Amino acid sequence: MQVLPSYGMHDRFLFIDDTAYHFGASLKDLGKNTFFFTQEDFTLDEVLKESQKIQAEKES
């Protein structure tokens with residue numbers, strides 16, 4: 001397992017093998033309120049590329 005920085009992205013993503021899951025809320029609140037997550041069609045590489053782009057924009 002590896003935890004990677006989000007570089008300012010609010011949402012959370014979980015990748016298991018080649019399957020991506022999107023969590024709109026913090027996992028620490030799991031079970032406290034209504035909580036949804038969805039299976040997505042994007043890849044880890046796509047999310048990392050977007051995250052790095054956001055970080056580069058913040059630094060410039």
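All values derive from a computational prediction rather than experimental measurement. Counting from 1, the numbers follow the sequence of the chain as shown.
- Separating the CG atom in D41 from the CD atom in E46 is a distance of 9.5 Å, to the nearest 0.5 Å.
- Hydrophobic clustering keeps L14 apart from F36 (ILVMFWY residues linked when any side-chain heavy atoms are closer than 4.5 Å, directly or through intermediates).
- Evaluation of the ring-ring contact (aromatic ring centres under 6.0 Å, His included) rule for F42 yields F13 as partners, not counting sequence neighbours.
- Remark: Y21 engages no residue in a ring-ring contact (aromatic ring centres under 6.0 Å, His included) (not counting sequence neighbours).
- In this structure, T43 and F15 have side chains that are not in contact, with every pair of non-hydrogen atoms separated by 4.5 Å or more.
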